[in-house]
Enquirer: 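Quick one: the structure is below, and I'll ask about it shortly.
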Amino acid sequence: MKIKEALVWRILMYLVLFCGVVLVTAPMVVVVINSMKTTQEAGQNFFALPSSFYLGNFKELFEKNNYWVYVRNSALITLISVALVVIFVPALSYSIARNYERRFYKSVYVILLLGLFVPFQIIMLPLVKQMTRLNLLNHTGLILIYLAFSLSKGAFLFVSYIRALPSEIEEAARIDGCSTFQTYVQVVIYLIKPMIATIVIMDALWFWNDFMMPLMMLNKTSSYWTLPLFQYNFKAEYSFNYTMAFTAYLVSMIPIIVVYAFLQKYIIRGLTAGAVKS
Amino acid sequence: MKKKFWSRDRMTHLLFTVPAFLAYAGFFIWPVIMGMYYSLTDWNGTKPTYEFIGIRNYVSLTKNPRFFHSLTLSLKYALMLVVVVVGVALILALSLNALKRFKTFAKSIFFFPAMISSVAIALIWDQLFYRMVPEIGKALHIGILSQSVLADPKTALFGVLFVHAWQAVAMPAVIFLAGLQSVPEELYESAMMDGATSFKRFCYITLPYLIPTITVNTVLTLKSGITTFDYVYALTGGGPMRSTEFIGLLIYNEGFQDVRFALANAEAVVLFVIIAVFSFLQMKVSNRASV
C-alpha cells in the first residue's frame with residue numbers, strides 16, 4: 001500500500017521533470033534548427049531538422065552587421081561596471097560596517113537601503129533628461145549609472161556580512177602596524193571573497209542582459225548598441241526573414257551559453273546566495 | 001586613546017565612502033527628487049520653459065481611466081504571476097529534490113532560462129506564438145491557439161504571463177531547492193515510521209520549513225510583476241487594444257512618446273508610493289514572523 005503510493009508520487013515527479021525539460025529546451029531547439037534553414041524550408045515544416053547544414057544565415061549575419069561591435073560594447077560595459085562595483089561596493093560597506101555607531105555612516109547606510117524600495121520607473125524619465133544635459137548618453141554614462149544603481153543592493157549584502165566577521169583578525173593586523181587601508185586590502189578582502197563572487201555574478205548578469213537602460217541611453221546611435229539592443233532592433237528589420245532572426249538570437253546568446261557551460265555551478269550558487277539574503 | 005580628527009583611519013574611511021556616495025547622490029537620489037519636482041509642473045519634456053502647477057497632475061490622474069486601467073492590470077498581473085511562478089517553482093523544486101541521479105545536471109537545465117536576456121526570450125516566444133503554437137493548436141484542435149495568443153485582447157495577457165513565468169521560475173526554484181536542504185532528514189524518517197503519507201509529510205514537515213523561502217519568492221516575484229517592462233515592450237508594446245498596457249510601460253510611453261512628461265512623472269510617483277507602502281508592510285510582517 002505505502003510502496004504503491006510512493007511509486008505514484010515518483011512517477012508524477014518524473015512526469016513533471018520531463019514536461020519541464022521539454023518546455024525549457026524546446027524553444028532553444030527550435031531556434032537552433034531553424035537558424036540553419038532558409039525561410040522557404042522553415043515554411044514547409046517548422047519542426048523538421050534542417051535538410052542540409054545551411055550556414056547562409058550566419059554568413060549574412062556576420063557580413064551585414066557589426067556583430068562584433070555589439071559583443072565588444074556589451075563586454076566592455078559589463079567588465080568596467082563590474083570592476084567599479086568590486087572596487088567601490090566592498091570598500092564602502094567596510095567603512096559603514098566598521099563605523100556603524102557614527103551618525104554619518106549610519107545615515108549613509110539608511111539612505112542606501114531606502115534605494116531598494118525605489119522602482120526604476122520614477123528614475124528613468126528625469127535620469128534621461130539629466131544625462132542628455134550632461135552629454136552622457138553614451139557608454140560612460142551607462143557605466144556611471146550602473147555603479148550608482150548597484151550600491152544599494154551591494155551595501156545591503158555586504159554590510160551585515162562584514163559586521164558578522166570577527167574583528168580580532170583586523171585588530172591583530174593593526175597591532176602588526178597595518179594602516180586601515182592595508183588592513184582592508186591585505187586582510188578584509190580575503191575574508192569577504194565569497195560575497196565578492198556573489199556580487200560579481202549577480203551584477204555581471206544584470207549588466208550583460210539589461211535592456212531598459214541601454215534602450216533609453218544608447219538606442220539612437222547604432223554603433224553604441226549592446227547585444228540586447230541589437231536583438232530588439234533586429235526584430236523590426238527582419239520581421240519576414242524569421243530564420244535570420246533566429247540566427248541573430250542564437251548568435252547573441254552564444255557568449256552567455258559558453259560562460260554558463262563552464263561556470264554553471266558557481267553561477268547558480270552565487271545567485272542563490274544573493275537572493276536568499278534579500 | 002583619543003584620535004585626531006583628521007586621522008589616517010578616518011581619511012581612509014571617508015575616501016571609501018564619499019566618492020561612491022556622490023555617484024549615488026548624483027545619479028540616483030537627484031533624479032528621484034527631480035522626478036517628484038517635475039510631477040508638480042506642466043513640462044512636456046521638450047519645451048524650454050515650464051511652469052509650476054502644484055498637484056494638478058495628481059488631480060487629473062484621479063479622473064484618468066487609462067491610468068487606473070494600467071494600475072489594476074499590473075496588480076492583477078503581479079498576483080497571477082506570483083501564483084504561477086511560486087507554485088510551479090515549488091513543484092519543480094520538490095521533483096528535483098527527489099531525483100537520485102543527474103540532480104546537478106537537471107538543475108543546470110532548469111536554471112538556464114535565467115541566463116538569457118529577457119528581450120531575447122520575449123522575441124523568441126513571439127516567433128513561436130506566431131509560427132509554432134498555432135500549428136500545435138491545429139493538430140490538437142484547440143480553437144484559441146489557431147492564431148497567436150498575443151493578437152487577441154482576451155488572451156494577450158496570458159501570453160505575456162507565460163513568457164515571463166517561463167524565465168522567472170528558475171530563480172525561485174533554485175531558492176526553494178536550497179530551502180529544502182534545511183529540512184532535517186530525521187523528521188522524514190520518523191514520520192515514515194509513524195505511517196504518514198507523502199502528502200501529510202509535505203504538509204506537516206516540509207511546508208513549515210519552507211515558509212521563509214515562500215515569503216522571499218513571493219516578494220521578489222510580486223515586485224518584478226508590478227514593474228514589468230521588458231516582456232511587454234518586446235512582445236506586445238501594450239496592445240492589442242491596451243490589453244497589456246502595464247503601468248511600467250504606460251509611464252515609458254507617456255513620458256517618451258506622448259510628450260506628457262510631467263504626467264508620466266506623477267504616475268511614477270504614485271507607483272513609488274504603492275511599492276514603498278507594500279515594502280513597508282512586508283517588512284512589518286516578516287519582522288513579526290521572525291520574532
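Just so it is clear: chains get the letters A, B, ... in the order the sequence lines come, proteins before strands, and each one is counted from 1.
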Enquirer: Between A:Val21, A:Leu229, A:Ile87, A:Ile96, which residue shows the highest count of heavy-atom pairs closer than 4.5 Å to chain B?
Expert: A:Val21
Enquirer: Give the member of B:Ala276, B:Gly45, B:Gly179 that has the highest number of heavy-atom pairs under 4.5 Å with chain A.
Expert: B:Gly45
Enquirer: Check whether A:Leu205 gets within reach of chain B through its side chain, its backbone, both or neither, counting any heavy atom under 4.5 Å.
Expert: side chain
Enquirer: Where does B:Ile251 contact chain A at under 4.5 Å (heavy atoms): side chain, backbone, both or neither?
Expert: both
Enquirer: Between B:Trp43 and B:Lys47, is there a donor-acceptor pair closer than 3.5 Å when you use the side chain of the first and the backbone of the second?
Expert: yes
Enquirer: Measure B:Asn217 against the heavy atoms of chain A and call it side chain, backbone, both or neither at under 4.5 Å.
Expert: neither
Enquirer: Heavy-atom distance under 4.5 Å to chain B: side chain of A:Thr272, backbone, both or neither?
Expert: both
Enquirer: Inspect the surroundings of CZ in B:Phe202 and state if more than 12 heavy atoms from other residues, nucleotides or ligands are less than 6.0 Å away.
Expert: yes
Enquirer: For B:Phe112, is it the side chain, the backbone, both or neither that has a heavy atom under 4.5 Å from a heavy atom of chain A?
Expert: both
Enquirer: A quick test of your reading: do over 12 heavy atoms of other residues, nucleotides or ligands sit less than 6.0 Å from OH of A:Tyr266?
Expert: no
Enquirer: May I ask you to name which of B:Ser118, B:Pro172, B:Ser117, B:Pro113 has the most heavy-atom pairs under 4.5 Å with chain A?
Expert: B:Ser117
Enquirer: Which bit of A:Val30 comes within less than 4.5 Å of chain B, counting heavy atoms only: side chain, backbone, both or neither?
Expert: side chain
Enquirer: Which bit of B:Phe102 comes within less than 4.5 Å of chain A, counting heavy atoms only: side chain, backbone, both or neither?
Expert: neither
Enquirer: Taking every heavy-atom pair that is under 4.5 Å apart, which of A:Pro27, A:Pro228, A:Gly20, A:Gly115 has the most such pairs with chain B?
Expert: A:Pro27
Enquirer: Could you tell me whether the side chain of B:Ile124 reaches within less than 4.5 Å of the side chain of B:Ile116, counting heavy atoms only?
Expert: no
Enquirer: Hey, are the side chains of B:Tyr252 and A:Met124 touching, using non-hydrogen atoms and a 4.5 Å cut-off?
Expert: yes
Enquirer: When you measure from the side chain of A:Ser81 to the backbone N and O of A:Thr78, does any donor-acceptor pair fall under 3.5 Å?
Expert: no
Enquirer: Under 4.5 Å between any side-chain heavy atoms of A:Val108 and B:Thr17, yes or no?
Expert: yes
Enquirer: Give the intermediate values and the outcome of ring-ring contact (aromatic ring centres under 6.0 Å, His included) for residues B:Phe16 and A:Tyr184.
Expert: CA-CA 10 Å; B:Phe16 279 2; A:Tyr184 172 72; 4.9 Å; yes
Enquirer: Sort out for me which of B:Gly248, B:Ala25, B:Ala114, B:Gly255 touches chain A most, counting heavy-atom pairs under 4.5 Å.
Expert: B:Gly248
Enquirer: Whether the B:Gln127 and A:Tyr249 side chains hold a donor-acceptor pair (N or O, under 3.5 Å, no angle test) is what I'd like checked.
Expert: no
Enquirer: Give a yes or no on whether A:Trp206 atom CH2 has more than 12 heavy-atom contacts from other residues, nucleotides or ligands under 6.0 Å away.
Expert: yes
Enquirer: I need the residue from A:Val89, A:Asn99, A:Val31 with the largest number of non-hydrogen atom pairs under 4.5 Å to chain B.
Expert: A:Asn99
Enquirer: Answer with side chain, backbone, both or neither: which region of B:Leu14 has an atom nearer than 4.5 Å to a non-hydrogen atom of chain A?
Expert: both
Enquirer: Is it the backbone or the side chain of A:Leu125 that comes under 4.5 Å from a heavy atom of chain B, or both, or neither?
Expert: both
Enquirer: Quick check: closest heavy atoms across B:Phe111 and A:Ile268, and the distance to 0.1 Å?
Expert: CD2-CG1, 3.5 Å
Enquirer: For B:Leu99, is it the side chain, the backbone, both or neither that has a heavy atom under 4.5 Å from a heavy atom of chain A?
Expert: side chain
Enquirer: Looking at A:Thr25, A:Asn34, A:Val259, A:Leu144, which makes the most heavy-atom pairs under 4.5 Å with chain B?
Expert: A:Leu144
Enquirer: Side chain, backbone, both or neither: which part of A:Leu23 has an atom under 4.5 Å from a heavy atom of chain B?
Expert: both
Enquirer: What parts of residues 209-216 of chain A touch chain B if we use heavy atoms and a cut-off under 4.5 Å?
Expert: A:Asn209, A:Phe211, A:Met212, A:Leu215, A:Met216
Enquirer: Any non-hydrogen side-chain atom of B:Asp126 less than 4.5 Å from a side-chain atom of B:Val163?
Expert: no
Enquirer: Just checking, is any N or O donor in the side chain of B:Asn97 or B:Lys103 under 3.5 Å from an acceptor N or O on the other one?
Expert: yes
Enquirer: By a 4.5 Å heavy-atom criterion (distance strictly below it), what part of A:Val128 contacts chain B: side chain, backbone, both, or neither?
Expert: side chain
Enquirer: For chain B, which candidate among A:Ile267, A:Leu112, A:Thr183, A:Leu15 shows the most heavy-atom pairs at distances under 4.5 Å?
Expert: A:Leu112
Enquirer: Give a yes or no on whether A:Lys129 atom NZ has more than 12 heavy-atom contacts from other residues, nucleotides or ligands under 6.0 Å away.
Expert: yes
Enquirer: Which atoms of B:Ala122 come close to chain A, meaning under 4.5 Å heavy atom to heavy atom: side chain ones, backbone ones, both, or neither?
Expert: neither
Enquirer: Got a sec: does the CZ of A:Phe104 have more than 12 other heavy atoms crowding it under 6.0 Å?
Expert: yes
Enquirer: Which atoms of B:Tyr38 are under 4.5 Å from chain A, going by heavy atoms: the side chain, the backbone, both sets, or neither?
Expert: side chain
Enquirer: Got a donor-acceptor contact below 3.5 angstrom from the B:Ser182 side chain to the B:Ala178 backbone?
Expert: no
Enquirer: Can you tell me if B:Ser95 uses its side chain to pair, donor with acceptor, with the backbone of A:Leu17 under 3.5 Å?
Expert: no
Enquirer: Could you have a look at A:Tyr260, A:Phe181, A:Phe88 and say which one has the most heavy-atom pairs with chain B under 4.5 angstrom?
Expert: A:Tyr260
Enquirer: Near A:Tyr14 OH, under 6.0 Å, is it more than 12 heavy atoms from other residues, nucleotides or ligands?
Expert: yes
Enquirer: Taking side chain as everything from C-beta outward and backbone as N, CA, C, O, which of these in B:Met171 sits under 4.5 Å from a heavy atom of chain A? Side chain, backbone, both or neither.
Expert: side chain
Enquirer: Between B:Phe28, B:Tyr130, B:Trp125, which has the largest tally of heavy atom pairs under 4.5 Å with chain A?
Expert: B:Phe28
Enquirer: With a 4.5 angstrom heavy-atom cut-off, which part of B:Phe280 approaches chain A: side chain, backbone, both or neither?
Expert: neither
Enquirer: Among A:Phe230, A:Tyr232, A:Phe234, which residue satisfies the ring pair (Phe, Tyr, Trp, His ring centres under 6.0 Å) criterion with A:Tyr70?
Expert: A:Phe230
